[in-house]
Enquirer: 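Below you will find the structure I want to go over with you.
Because the structure is predicted, anything quoted here is derived from the model rather than measured.
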Amino acid sequence: DAKTTQPPSMDCAEGRAANLPCNHSTISGNEYVYWYRQIHSQGPQYIIHGLKNNETNEMASLIITEDRKSSTLILPHATLRDTAVYYCIGSSGGSYIPTFGRGTSLIVHP
Amino acid sequence: ETGVTQTPRHLVMGMTNKKSLKCEQHLGHNAMYWYKQSAKKPLELMFVYSLEERVENNSVPSRFSPECPNSSHLFLHLHTLQPEDSALYLCASSPGPGAFSNQPQHFGDGTRLSIL
């Protein structure tokens with residue numbers, strides 16, 4: 001199971017891109033990288049996941065390095081409502097239980 | 001109503017009380033989960049159900065008792081809790097049928113539990 005490492009906090013100006021890094025140097029070949037976020041007083045919300053290729057959806061883009069040891073979640077135009085704790089986790093399904101770490105607390109300021 | 005709904009949103013109880021937390025999902029999912037989130041700590045997985053059978057119990061004290069009567073409902077029965085059990089209890093579901101199975105989890109907004 002991959003252990004993930006994220007910076008404890010980041011900040012970003014409203015309207016700018018927020019780039020949240022995650023290191024997962026022990027990730028195995030069949031482990032996906034998942035991103036969730038948790039806004040204060042709410043449950044975690046799924047954002048995006050990927051295995052090898054970069055992924056994009058209506059919420060964000062996920063860039064995974066070729067060696068798969070790190071990834072970056074990109075919020076292209078951050079808004080104040082994107083202020084949340086962002087979690088990067090590895091999951092390979094089966095009996096593997098993904099572990100949520102402490103995540104990155106992103107503060108988007110005006 | 002869609003998504004994962006948890007009731008009550010807030011609960012205050014004494015250490016000798018018995019109460020239950022309820023989770024309901026309207027997503028047609030087959031796997032459901034209970035998590036505990038204490039202040040300033042990561043989420044801790046408590047129980048996992050797949051197709052109404054418990055498949056994982058992360059060494060949770062017996063004062064927490066889960067129940068999954070069908071694939072849409074999940075309960076967490078509480079009795080003689082301790083002050084350190086005060087936390088946000090989150091329910092989640094995923095499509096399944098296997099637990100996790102490389103599929104995103106959908107979370108409810110949790111029950112904020114305070115033990116007096």
Enquirer: State whether the side chain of A/Tyr34 and the backbone N or O of B/Gln103 hold a donor-acceptor pair below 3.5 Å, judged by distance alone.
Expert: yes
Enquirer: By a 4.5 Å heavy-atom criterion (distance strictly below it), what part of B/Arg9 contacts chain A: side chain, backbone, both, or neither?
Expert: side chain
Enquirer: How about A/Gln38 and B/Leu90: do any of their side-chain heavy atoms sit closer than 4.5 Å?
Expert: yes
Enquirer: Out of curiosity, does B/Tyr89 fall in the hydrophobic cluster containing B/Phe75 (side-chain heavy atoms, cut-off under 4.5 Å, transitive links)?
Expert: no
Enquirer: Could you give the distance from NE2 (B/His106) to OH (A/Tyr46), rounded to the nearest 0.5 Å?
Expert: 8.5 Å
Enquirer: Give the minimum heavy-atom separation between A/Tyr87 and B/Gln37, together with the two atoms involved.
Expert: OH-NE2, 3.5 Å
Enquirer: Under 6.0 Å from the NE2 atom of A/His109, do we count more than 12 heavy atoms belonging to anything else shown?
Expert: yes
Enquirer: Of all heavy-atom pairs between B/Pro42 and A/Gly101, which one has the smallest distance, and what is that distance?
Expert: CB-O, 3.4 Å
Enquirer: Between atom CZ of B/Phe107 and atom CD of A/Gln42, what is the distance when rounded to the nearest 0.5 Å?
Expert: 13.0 Å
Enquirer: Linking I/L/V/M/F/W/Y whenever their side-chain heavy atoms sit closer than 4.5 Å, directly or via other members, would A/Ile89 and A/Ile39 fall into one cluster?
Expert: no
Enquirer: What residues, two or more places apart in sequence or in another chain, satisfy salt bridge (charged side-chain N to carboxylate O under 4.0 Å, His left out) together with A/Asp82?
Expert: A/Arg37
Enquirer: Side-chain heavy atoms under 4.5 angstrom apart, residues restricted to Ile, Leu, Val, Met, Phe, Trp, Tyr: same cluster for A/Ile48 and A/Ile63?
Expert: no
Enquirer: Out of curiosity, does A/Leu80 fall in the hydrophobic cluster containing A/Leu106 (side-chain heavy atoms, cut-off under 4.5 Å, transitive links)?
Expert: yes
